[in-house]
Amino acid sequence: MNKPNRKPLSFLSPDEIYAEAIRQDGETLSDADLKLIKAGLSALRAYRRKYLNAVETKAINALIAYVAYTQNVAERTVSSVVCSEFNCSDIAHISSEQYDQIISFLIDLKMTAVVN
């Protein structure tokens with residue numbers, strides 16, 4: 001039986017691995033295998049949604065520094081405004097889903113309107 005050309009599993013995304021696992025071509029996985037794949041995929045998605053990664057955090061901190069410098073306020077003040085706006089205690093605890101919104105917020109932020 002010839003198998004179609006497929007990418008090695010190491011080059012597949014989690015979604016592609018799951019799709020491969022549930023394919024209906026005669027090759028089947030046990031229910032336990034499918035549950036394990038589903039649990040791993042769910043955990044990966046939840047982890048990705050949880051917090052900003054290191055690159056996103058550095059980008060936001062750099063933009064905070066830029067806003068603080070150009071508007072002549074302390075970085076701590078800008079960070080406080082961001083945390084207040086996004087309901088978090090620290091930049092590191094901001095949801096990764098809010099990354100684009102934070103960037104837009106910082107680009108449009110006028111500290112004189114907030115502080116005064």
Side-chain angles (χ1 to χ4, degrees):
M1 200 186 289
N2 289 336
K3 289 190 176 188
N5 262 343
R6 294 187 184 137
K7 293 191 277 187
L9 287 179
S10 59
F11 294 118
L12 295 175
S13 72
D15 291 320
E16 290 172 321
I17 292 172
Y18 178 73
E20 183 77 15
I22 62 171
R23 237 173 1 96
Q24 299 296 323
D25 67 353
E27 297 175 34
T28 59
L29 295 173
S30 70
D31 286 341
D33 290 336
L34 287 174
K35 286 179 183 176
L36 182 62
I37 290 170
K38 286 179 185 178
L41 184 58
S42 296
L44 182 61
R45 286 180 177 155
Y47 175 77
R48 285 184 178 162
R49 267 187 263 129
K50 195 160 187 165
Y51 297 118
L52 298 170
N53 64 35
V55 173
E56 291 168 332
T57 302
K58 284 182 183 180
I60 288 173
N61 285 331
L63 194 51
I64 286 171
Y66 175 78
V67 169
Y69 176 78
T70 58
Q71 297 187 31
N72 200 26
V73 294
E75 288 181 35
R76 184 174 16 148
T77 305
V78 179
S79 292
S80 295
V81 169
V82 171
C83 289
S84 176
E85 180 70 21
F86 291 93
N87 196 27
C88 67
S89 60
D90 186 49
I91 297 295
H93 296 116
I94 293 175
S95 166
S96 62
E97 293 176 337
Q98 295 177 310
Y99 177 74
D100 291 335
Q101 295 168 338
I102 295 166
I103 296 297
S104 296
F105 176 78
L106 284 166
I107 289 170
D108 296 336
L109 183 61
K110 302 291 184 240
M111 287 302 294
T112 53
V114 174
V115 176
N116 292 332

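As the structure is a prediction and not an experimental result, all values here were calculated from the model.
Between I91 and C83 the shortest side-chain heavy-atom distance falls below 4.5 Å. For the pair L63/Y66, a side-chain contact is recorded, criterion being any heavy-atom separation below 4.5 Å from C-beta on. When side chains are defined from C-beta on, T57 does not count as touching I94, because their heavy atoms never get closer than 4.5 Å. Side-chain contact check for F86 versus Q101: some heavy-atom pair is nearer than 4.5 Å.
Hydrophobic clustering, with ILVMFWY side chains joined whenever heavy atoms are under 4.5 angstrom apart, keeps V55 apart from Y51. Grouping the Ile, Leu, Val, Met, Phe, Trp and Tyr side chains by contacts below 4.5 angstrom, directly or via other members, places L106 apart from Y69.
Panel note: side chain N53, backbone E56; a donor-acceptor pair is recorded below 3.5 Å. Of the possible polar contacts, none joining the T77 side chain to the V73 backbone as a donor-acceptor pair under 3.5 Å is found.
With rounding to the nearest 0.5 angstrom, the CD1 atom of I64 is 9.5 Å from the CG atom of L109.
The heavy-atom pair separating A68 from A74 by the smallest distance is CB-C, 3.9 Å.
In N87, the CG atom is not crowded: 12 or fewer heavy atoms of neighbouring residues, nucleotides or ligands sit closer than 6.0 Å.
With sequence neighbours excluded, the residues forming a side-chain contact (heavy atoms from CB on, under 4.5 Å) with Q71 are V67, M111, listed by chain and number.
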